[in-house]
Amino acid sequence: MITERTDLRNIAIIAHVDHGKTTLIDSMLRQAKIFRENQRVQERIMDSNDLERERGITILAKNTAISIPNPKTGELVKINIVDTPGHADFGGEVERIMNMVDGVLLLVDAAEGPKPQTRFVLKQAITKNLKTIVVINKLDRKDADVESAINNTFDLFVELGASDELTDFPIIYANGLEGKSGLTPNLDNDLHALFTCISDNIPTPKVDLEAPFQMLVTNLGYDEYSGVTAVGRIHAGKLTTGQMLARIKHDGSLEKVQARYVYAFQGLDKVLVDRVEAGEIITIGGLKDIQIGETLADLENPVALPIITVQQPTVQMTFGVNTSPFSGQEGKWSTSRKLLERLQDELRTNIALRVEQTDANDVFLVSGRGELHLGILIETMRREGYEFQVSRPEAIVVTGEDGKKVEPFEEVHVDVDPDYVGAVVELLGQRRGKMTNMINNPDNTVHLTYEMPTRGLLGFRYKFLTITRGKGVLNSFYIGLRPLEGPIETKQASSIVARETGVTTTFGLRNAEQRGQLFVGPGVPVYEGMIVGETPRPQDLSINVAKKKHLTNMRQSIRDLEDKLNPPRSLSLDEMIEYIGPDELLEVTPQSLRMRKRILETHERLRYEKTGEVVEDD
């Protein structure tokens with residue numbers, strides 16, 4: 001018998017990057033009295049990961065829950081909330097979370113309106129036919145244009161093929177930072193209007209409490225007390241602590257397991273419960289080797305739920321054992337066995353990732369949804385103490401059903417000052433980009449829309465920020481596979497390479513600085529084949545940057561005072577990943593990031609460039 005859980009709502013909060021999802025959740029938690037009156041709470045409490053706080057973005061989907069009284073009946077209603085990433089590179093998180101909820105809050109910045117990533121996350125919700133509440137956020141911005149934001153959001157719904165029912169969405173106006181909301185732009189001093197709208201418009205879970213137990217594992221975690229934990233929504237039936245269950249694996253085989261620990265979400269905490277019913281989002285602890293997408297079912301009547309499917313990876317790069325002369329000096333884990341174990345462990349929770357063995361035993365091919373997706377993995381492993389080297393990202397080209405090669409394409413949205421439009425258009429054209437739209441924004445910038453191969457985007461952001469003096473904004477998302485385009489010339493500069501191992505000196509670097517831009521300053525240990533700068537010349541330059549000045553008994557004080565260098569350009573991990581070419585690698589350690597040539601020895605590298613042959617050491 002189907003039962004309606006009027007005491008429960010399950011929602012996800014979706015939005016473009018930096019449109020205020022996590023800040024709004026902070027205010028919702030405060031006004032639902034989750035925190036004590038005297039409790040000190042940091043901002044963006046849901047961004048618990050160090051990388052999330054540093055970058056100001058949500059990377060991992062997270063669960064929380066609040067309880068509020070139903071304004072009509074007075075009944076206490078529990079709202080399970082899932083905070084989702086706003087960046088398309090972490091779309092695997094968004095796609096699987098949609099299986100747990102009955103509706104979504106779509107946050108739209110009142111000044112910016114719907115942006116490219118808004119399109120991506122909204123498309124996921126429309127595909128699942130989820131009821132959507134549109135929240136026009138950041139009404140405190142001086143340049144807020146509420147009417148334009150609403151009209152553009154409606155147009156986006158229509159463009160994405162939403163049904164008439166979905167396009168008739170309720171609208172709430174809000175200032176998430178101050179915890180204000182209202183049915184009109186004249187906001188009340190609390191979020192009562194938002195809570196009421198959620199209670200009235202988000203569908204209640206309709207479930208069969210008497211059916212055999214079923215739950216799809218949507219996320220994994222780890223608890224020091226209960227070990228590996230599985231997060232998911234109960235599809236049918238009831239569950240009690242200690243109950244025996246059937247674990248239905250991806251291959252259809254069954255394993256008998258016990259739900260030793262059962263948790264429900266309350267605020268930011270997981271609370272042990274004795275009994276839960278269908279419709280609730282829960283965590284089950286003590287399940288060894290459980291995988292995302294598997295079904296936990298009734299032992300007597302095990303029936304599997306549909307497996308979670310996510311978009312295939314579009315970009316790949318190699319992760320290998322560090323082979324530089326400085327290897328083993330800074331990392332805690334540096335062997336191929338430890339590297340493979342860590343990558344395989346990542347596969348358990350990062351379902352959009354793929355790891356394959358290559359012909360070399362100490363090199364692994366890792367595929368993901370974009371440069372940012374793989375860059376976050378690299379930074380996470382680096383902070384855990386791993387030492388390794390990675391190659392330049394490459395777009396994944398596959399053979400279609402007709403035998404012809406196809407490659408991933410992306411829709412690219414660029415906002416740039418009018419002064420730089422010409423340079424950006426030229427750069428995108430060189431990378432096989434085709435303009436589909438060009439409009440003027442209210443803030444006097446120009447919005448360009450392009451469709452182009454993912455290959456053309458690799459390394460593009462580094463050049464884009466350079467030619468726009470850091471003022472350009474670029475977003476992109478995957479639109480599908482298309483026939484392979486012709487060759488793309490991506491790197492228009494060459495590298496300055498250290499010719500000898502040693503410590504850089506001002507005297508040696510001055511010679512290099514006259515030929516380009518330096519990446520290192522004096523007093524930095526370098527090795528032969530390490531990249532120390534960039535030159536506009538067509539070929540790489542090998543320079544002895546560790547060269548010392550011969551001393552004499554003549555003191556030339558005036559000349560020594562003038563012997564100064566310009567500050568070197570400091571590149572971030574993301575910029576280094578974009579900078580390196582096909583014949584270069586990035587050495588990653590907990591303390592350092594070094595770019596290098598694949599072939600370190602200068603004469604061997606020159607021989608390879610001429611003949612294509614590498615002399616193997618005996």
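These values consider heavy atoms only, across backbone and side chains, with no hydrogens, waters or symmetry-generated copies. Residue numbers run from 1 in the order of the sequence given.
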**Request:** Output the distance between atom CD1 (Ile171) and atom OG1 (Thr132), rounded to the nearest 0.5 Å.
**Result:** 12.0 Å
**Message:** Measuring from atom CD of Glu294 to atom CG of Leu305, what distance do you get when rounded to the nearest 0.5 angstrom?
**Reply:** 12.5 Å
**Distance-minimising heavy-atom pair for Gly375 and Ile577** = CA-CD1, 4.0 Å
**Request:** For Phe460 and Leu427, run side chain to side chain contact (heavy atoms under 4.5 Å, CB included): C-alpha distance rounded to whole Å, both residues' side-chain angles, the deciding distance at 0.1 Å, then the answer.
**Result:** CA-CA 9 Å; Phe460 174 74; Leu427 194 60; 3.4 Å; yes
**Asked** How far apart are the closest heavy atoms of Leu156 and Pro114, and which atoms are they?
**Response** CD2-CB, 3.8 Å
**Prompt:** Is the side chain of Thr449 donor-acceptor paired with the backbone N or O of Val412 at a distance under 3.5 Å, no angle test?
**Reply:** no
**Item:** Side-chain heavy-atom pair His373, Leu353 within 4.5 angstrom cut-off
**Value:** yes
**Request:** Keeping the roles fixed (side chain from Glu371, backbone from Pro393), state whether a donor-acceptor pair exists under 3.5 Å.
**Result:** no
**Request:** Check the pair Thr436 / Glu451 against side-chain hydrogen bond (donor to acceptor under 3.5 Å, both in side chains), numbers first and verdict last.
**Result:** CA-CA 7 Å; Thr436 58; Glu451 291 182 356; 5.2 Å; no
**Asked** Does any N or O in the side chain of Thr3 come within less than 3.5 Å of the main-chain N or O of Asp208, such that one atom is a donor and the other an acceptor?
**Response** no
**Message:** Could you check whether Asp102 pairs with Arg233 (Lys NZ or Arg NE/NH1/NH2 to Asp/Glu carboxylate O, under 4.0 Å)?
**Reply:** yes
**Message:** Any non-hydrogen side-chain atom of Leu107 less than 4.5 Å from a side-chain atom of Ile136?
**Reply:** no
**Item:** Check: Ser148 main-chain N/O paired with Asp145 side-chain donor or acceptor under 3.5 Å
**Value:** yes
**Request:** Answer whether the closest heavy-atom distance between the side chains of Val425 and Met435 falls below 4.5 Å.
**Result:** yes
**Request:** Evaluate the side-chain proximity of Val473 to Val414: yes if any heavy-atom separation is below 4.5 Å, no if none is.
**Result:** no
**Prompt:** At what distance, to the nearest 0.5 angstrom, does CD of Glu159 lie from CD1 of Ile126?
**Reply:** 10.0 Å
**Request:** Keeping to residues at least two apart or across chains, list the ring pair (Phe, Tyr, Trp, His ring centres under 6.0 Å) pairs with something in residues 121-171.
**Result:** Phe157-Phe169
**Prompt:** Quick one: does Glu178's side chain have a donor or acceptor within less than 3.5 Å of a partner on Asn175's backbone?
**Reply:** no
**Request:** Carefully, step by step, assess Ile14 and Leu105 under the rule side chain to side chain contact (heavy atoms under 4.5 Å, CB included).
**Result:** CA-CA 6 Å; Ile14 59 177; Leu105 297 185; over 6 Å; no
**Asked** Between Glu575 (side chain) and Ser572 (backbone), is there a donor-acceptor pair under 3.5 Å?
**Response** yes
**Asked** Taking atom types as modelled, is there a side-chain donor on Glu280 or Asn10 under 3.5 Å from an acceptor on the other?
**Response** no
**Asp415 side, atom CG; Thr468 side, atom OG1 - distance, nearest 0.5 Å** = 11.0 Å
**Request:** Using atom types as modelled and distance alone, determine if a side-chain donor or acceptor of Asp190 lies under 3.5 Å from a backbone N or O of His192.
**Result:** yes
**Prompt:** What pair of heavy atoms forms the shortest contact from Pro205 to Gly279, and how long is it?
**Reply:** CB-CA, 4.1 Å
**Request:** Decide yes or no for Tyr263 and Val271: does some side-chain heavy atom of the first lie under 4.5 Å from some side-chain heavy atom of the second?
**Result:** no
**Request:** Please report the closest heavy-atom contact between Ile292 and Thr218, naming both atoms and the distance.
**Result:** CG2-O, 3.9 Å
**Exercise: identify the closest heavy-atom pair between Asn80 and Ala65** = OD1-CB, 3.4 Å
**Prompt:** Would you say Asp164 has more than 12 foreign heavy atoms packed within less than 6.0 Å of its CG?
**Reply:** no
**Asked** Does some side-chain heavy atom of Leu239 sit less than 4.5 Å from a side-chain heavy atom of Leu296?
**Response** no
**Request:** To the nearest 0.5 angstrom, please state how far the CG atom of Leu139 sits from the CG atom of Leu187.
**Result:** 5.5 Å
**Prompt:** Is the shortest distance from a Lys or Arg side-chain nitrogen in Arg342 or Glu384 to a carboxylate oxygen in the other one below 4.0 Å?
**Reply:** yes
**Request:** State whether Asp109 and Arg141 are salt-bridged, where the test is any N-O pair (Lys NZ or Arg NE/NH1/NH2 against Asp/Glu carboxylate O) under 4.0 Å.
**Result:** yes
**Asked** Are there more than 12 heavy atoms of other residues, nucleotides or ligands under 6.0 Å from atom CD of Glu165?
**Response** no
**Message:** Checking Lys206 against Arg5 for the side chain to side chain contact (heavy atoms under 4.5 Å, CB included) test, could you report, in this order, the C-alpha distance in whole Å, the side-chain angles of both residues, the deciding distance, and whether it holds?
**Reply:** CA-CA 6 Å; Lys206 296 176 176 61; Arg5 294 284 307 271; over 6 Å; no
**Item:** Donor-acceptor contact below 3.5 Å, side chain Lys138 vs main chain Ala144
**Value:** no
**Asked** Is the backbone of Ser199 close enough, under 3.5 Å, to the side chain of Arg9 for a donor and an acceptor to pair up by distance?
**Response** yes
**Request:** Please tell me if the side chains of Tyr173 and Val146 come closer than 4.5 Å, counting only heavy atoms from C-beta onward.
**Result:** yes
**Request:** List the steps and the verdict of side chain to side chain contact (heavy atoms under 4.5 Å, CB included) for Arg461 and Thr466.
**Result:** CA-CA 8 Å; Arg461 287 175 177 82; Thr466 301; over 6 Å; no
**Complete:** Between the CD1 atom in Ile282 and the OH atom in Tyr261, the distance rounded to the nearest 0.5 Å is 15.5 Å
**Side-chain heavy atoms of Leu130 within contact of Val101, under 4.5 Å** = yes
**Residue Lys123 excluded, over 12 heavy atoms near NZ under 6.0 Å** = no
**Asked** Of all heavy-atom pairs between Ile307 and Gly293, which one has the smallest distance, and what is that distance?
**Response** CG1-O, 4.2 Å
**Asked** Does a donor on one side chain sit under 3.5 Å from an acceptor on the other, for Thr454 and Glu410?
**Response** yes
**Message:** Under a 3.5 Å cutoff, is there a donor and acceptor pairing between the side chains of His413 and Glu411?
**Reply:** yes
